[in-house]
Amino acid sequence: METVLKQILWEVGASAAATIAKLLGLLLSHDAILYQFNNAPQPCTAQTSPRELGIDDFAFRKGKTYGTILIDLKTSTPVDLLPDREKMTVEKWLREHPGAKIVSRDRSAVYAEAIREGAPEATSVADRFHLVKNLMETLQEQMSKESKAIREVLLPQVPSMVDDGPVCLTRRQKQARALSRQNRFERWQQVHALFKEGYAKKEIARMMNLDTQTVRNYLLAETFQERQRTSPANGPLTPFKDYLLKRWQEGCQNAYQLWREAQYRTKNTGNFYRMKGTALV
């Protein structure tokens, strides 16, 4: 009966096992079953790895503590859980459980190195999810490189808003800008250095506490990009610039009235607060 109870526990968990045990005439709480679980030998005692093995990380506590899960890809069942996602831990497990011929992983450089050292005879491949993700990121990077040409083709060729010219900065503002530039330059250098060492963009973002898109932008820039002060981008009210300025100079300085006139001209709705800001330019 104890063997049956342990098998039920392994299959469905403590709470469900306690419910099933009552049907068998065993009045046990889930705590008592967990006690049996903690003192039971591990049922997975195989000393070899599945031929097709999957490796990925999972979160004990998201953003804080992570472990590694190993999956038999042929049966889609877990093989083992590792307490962390360090190279030495994964490499040690692969050495102690030989037999894997194909190992599927994410783009982690840590897992890739662990597979090369712990299972040199195995073929390391990227899983389907990350193959598609690689494709999407490549397309995004290519589109980002051509973003200027795309905007020139798609956006209407109208003059942008009037630039007020250079702004005089105080000494404190200049110091703040210089410090900000230095911090951005050091981050840009560090991102490129980590990427050359083989770390994936997601890993770099996690290590440096940056957004993944910021890491991609840094890697797209082969040289450090200085921030440029640009005029406001063309928006939905840009085609009305000349008309709005004309009406404003004529004395019509009611934003709601200007919005109504623009709405009548295009038969489109808009936000008269934005219309007011545009007219004030």
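As a basis for the values below, the full set of heavy atoms in this structure was taken, side chains included, without hydrogen atoms, waters or symmetry mates.
Counting heavy-atom neighbours within 6.0 Å of Lys133 NZ, excluding the residue itself, gives a total above 12. The environment of Lys202 atom NZ is sparse: at most 12 non-hydrogen atoms of other residues, nucleotides or ligands sit within 6.0 angstrom. Atom CG of Asn209 is surrounded by 12 or fewer heavy atoms from other residues, nucleotides or ligands within 6.0 Å.
Proximity of a side-chain donor or acceptor of Glu203 to a complementary backbone N or O of Ala200 within less than 3.5 Å is detected. When atom types are taken as modelled, the side chain of Gln173 and the backbone of Thr170 share a donor-acceptor pair closer than 3.5 angstrom. Of the possible donor and acceptor atoms, one in the side chain of Tyr66 sits under 3.5 Å from a partner among the backbone N and O of Gly63. Under the 3.5 Å distance criterion, the side-chain polar atoms of Thr138 are matched with a main-chain donor or acceptor of Asn134. Side-chain atoms of His192 do not come within 3.5 Å of backbone N or O of Thr223 as any donor-acceptor pair. Thr89 contributes no side-chain N or O that, together with a main-chain N or O of Arg85, makes up a donor-acceptor pair within less than 3.5 Å.
Taking every heavy atom of both residues into account, Ala18 and Ser29 meet most closely at CB-C, 4.2 Å. The nearest pair of heavy atoms linking Gly198 to Ala109 is O-CB, 2.6 Å. The heavy-atom pair separating Ile71 from Pro78 by the smallest distance is CD1-CA, 3.7 Å. Across all non-hydrogen atoms, the minimal contact from Ser49 to Ala100 is OG-CB, 3.6 Å. Of all heavy-atom pairs spanning Gly54 and Leu73, the tightest one is N-CG, 3.7 Å. The shortest heavy-atom contact between Val191 and Met208 is CG2-SD, 3.6 Å.
Under the 3.5 Å distance criterion, with hydrogens and angles disregarded, a donor-acceptor pair is assigned to the side chains of Arg105 and Ser124. Between the side chains of Gln213 and Arg216, at least one donor N or O sits under 3.5 Å from an acceptor N or O. A side-chain donor-acceptor contact under 3.5 Å links Glu261 and Gln257.
Between Trp188 and Phe185, the ring planes lie parallel to each other; the angle is under 30°, not in the 30° to 60° tilted range.
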Working for side chain to side chain contact (heavy atoms under 4.5 Å, CB included), residues Arg51 and Ile102 | CA-CA 6 Å; Arg51 180 181 175 86; Ile102 300 176; over 6 Å; no

Under the side chain to side chain donor-acceptor pair (under 3.5 Å) criterion, do Glu186 and Gln190 qualify, and how do the steps go?
-> CA-CA 6 Å; Glu186 291 176 356; Gln190 189 174 358; over 6 Å; no

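With Ile115 as the fixed residue, the side chain to side chain contact (heavy atoms under 4.5 Å, CB included) test singles out one of Leu53, Val90, Val103: Val103. When the options Leu82, Ile55, Thr68 are evaluated for a side chain to side chain contact (heavy atoms under 4.5 Å, CB included) with Trp93, the one that passes is Leu82.
Contact annotation: the side chain of Asp72 approaches that of Thr75 to within less than 4.5 Å [non-hydrogen atoms, C-beta and beyond]. Using a 4.5 Å heavy-atom cutoff, the side chains of Glu146 and Gln142 are in contact.
For residues 111-140, there are no ring-ring contact (aromatic ring centres under 6.0 Å, His included) pairs, not counting sequence neighbours.
Taken together through direct or relayed side-chain contacts under 4.5 Å among Ile, Leu, Val, Met, Phe, Trp and Tyr, Leu219 and Met207 form part of one hydrophobic cluster. No path of Ile, Leu, Val, Met, Phe, Trp and Tyr side chains, each step under 4.5 Å between heavy atoms, connects Ile69 with Leu94, placing them in separate hydrophobic clusters. Phe224 and Leu220 are not part of a single hydrophobic cluster, where members link through side-chain heavy atoms under 4.5 Å apart. Tracing side-chain contacts under 4.5 Å through hydrophobic residues (I, L, V, M, F, W, Y), one reaches Tyr218 starting from Tyr199; they form part of the same cluster.
The pair Glu121-Lys101 does not meet the salt-bridge criterion, since no charged nitrogen lies less than 4.0 angstrom from a carboxylate oxygen. Ionic pairing of Glu141 and Lys201 is present here: one or more N-O contacts between side-chain nitrogen and carboxylate oxygen are shorter than 4.0 angstrom.
The distance from the CG atom of Leu244 to the CZ atom of Arg247 is 9.5 Å, given to the nearest 0.5 Å.
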